[in-house]
Undergrad: 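Take a look at the following structure, please.
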Amino acid sequence: MKEFDLIGNYFAKGGYVRKDVLLGIGDDAAVTKVPTGQCVVTTTDTLVEGVHFLADTAPEAIAHKAIAVNLSDLAAMGAEPAWISLSLSLPSIDESWVKAFSEKIHSLSHYFSFQLIGGDTVQGPLSITITAQGFIPDDNQITRSGAEPSDWLLVTGCLGDAGVGLDILTDKVIVSNAEHASYLKNRHWFPTPRVLAGTTLRRVATSCIDVSDGLIQDLHQVISRSEVGAIVHLDKLPISEALGKNIENLTDALTYAATAGDDYELLFTVPEEQRVYIETALASYNIPVTCIGQITGAAGKIDLRLDEQPFEFESKKIGFEHFS
Ligand SMILES: [Mg+2]
């Protein structure tokens, strides 16, 4: 395993360095210090080739996605990122692959101010497991369980782009406009974790989740944990110009927006008195946000409307289910 140990050299240097890391990569374990008044939020996610990303995806995109999905989970809790641990399983040693992968992680560490504090590299099928830890001021976490009837339902960014991007890559959809096609593929490869939106939602949002499995499926998580229901106005779903102009059939466009996963936008609820505040605060950071519906007392029920009329998707497929 000596050659695999060498790979560690790529990760030990070049990344962002934090003062709260007393001992980083290089010893048996890392030592970190939690600032006074902060709680640690921990999440972990595994990406496996062929399940979570296509074979032959560029190392930069795999690194980006592995980090982004974890930071997105922290963002959904209102946490800011601090420390990352990486476990990398590689079929063989390809130094240029490892170099590109590690450089992407380092550049993200500088952008999001996290430090890579440890990891492990083994030989096996290509898979990446990342554990991300972040901070929230004591007891300010945003959970899935606090939504109340009459709260507004909002979402950041646009929905459905990553799903179309994946379908372009797998030849299920043809988008002839090169600029749009490239935008949609990049939304699949390089999702933006909504870290700043997450911290802005602290003490304001009553619930939050990141849209990883598809809007409807993720909304189900919120309403079942909160024991409420929701009305979703499908005509209000934020759809990018690239999606809207190239997926001309309205039902197809709505299916992407409501059921395709991997957009990593934040879906959250706010009480009436906080709605203008949060819309203004997010706008001041140039984070698009759209109100798409409202929480109801009809526990467990999602009431889909299109132009005020009840609407049902023909497809039984609501969101991406792992191993399905
Ligand atoms: Mg999540």
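Counting starts at 1 for both ligands and their atoms, in listed order. Just so you know, these numbers use all the heavy atoms, side chains as well, and skip hydrogens, waters and symmetry mates.
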Undergrad: Under the side chain to side chain donor-acceptor pair (under 3.5 Å) rule, what pairs show up with a residue in residues 102-119, not counting sequence neighbours?
TA: Lys99-Glu103
Undergrad: With the Mg ion (ligand 1) as the centre, enumerate protein N/O/S atoms below 2.8 Å in chain and residue order.
TA: Asp73 OD1, Asp210 OD1
Undergrad: Aromatic contact between Tyr10 and Trp97, with the criterion being ring centroids under 6.0 Å apart: yes or no?
TA: no
Undergrad: Indicate the atoms forming the closest heavy-atom contact of Asp263 with Gly160, along with that distance.
TA: OD2-N, 2.7 Å
Undergrad: For His52 and Val48, indicate whether the former's side chain and the latter's backbone hold a donor-acceptor pair under 3.5 Å.
TA: yes
Undergrad: Taking NZ, NE, NH1 and NH2 as the nitrogens, is one of them in Asp307 or Arg305 under 4.0 Å from a carboxylate oxygen of the other?
TA: no
Undergrad: Among Thr269, Asp151, Ile223, Thr296, find the residue that satisfies the side chain to side chain contact (heavy atoms under 4.5 Å, CB included) test when tested with Val228.
TA: Ile223
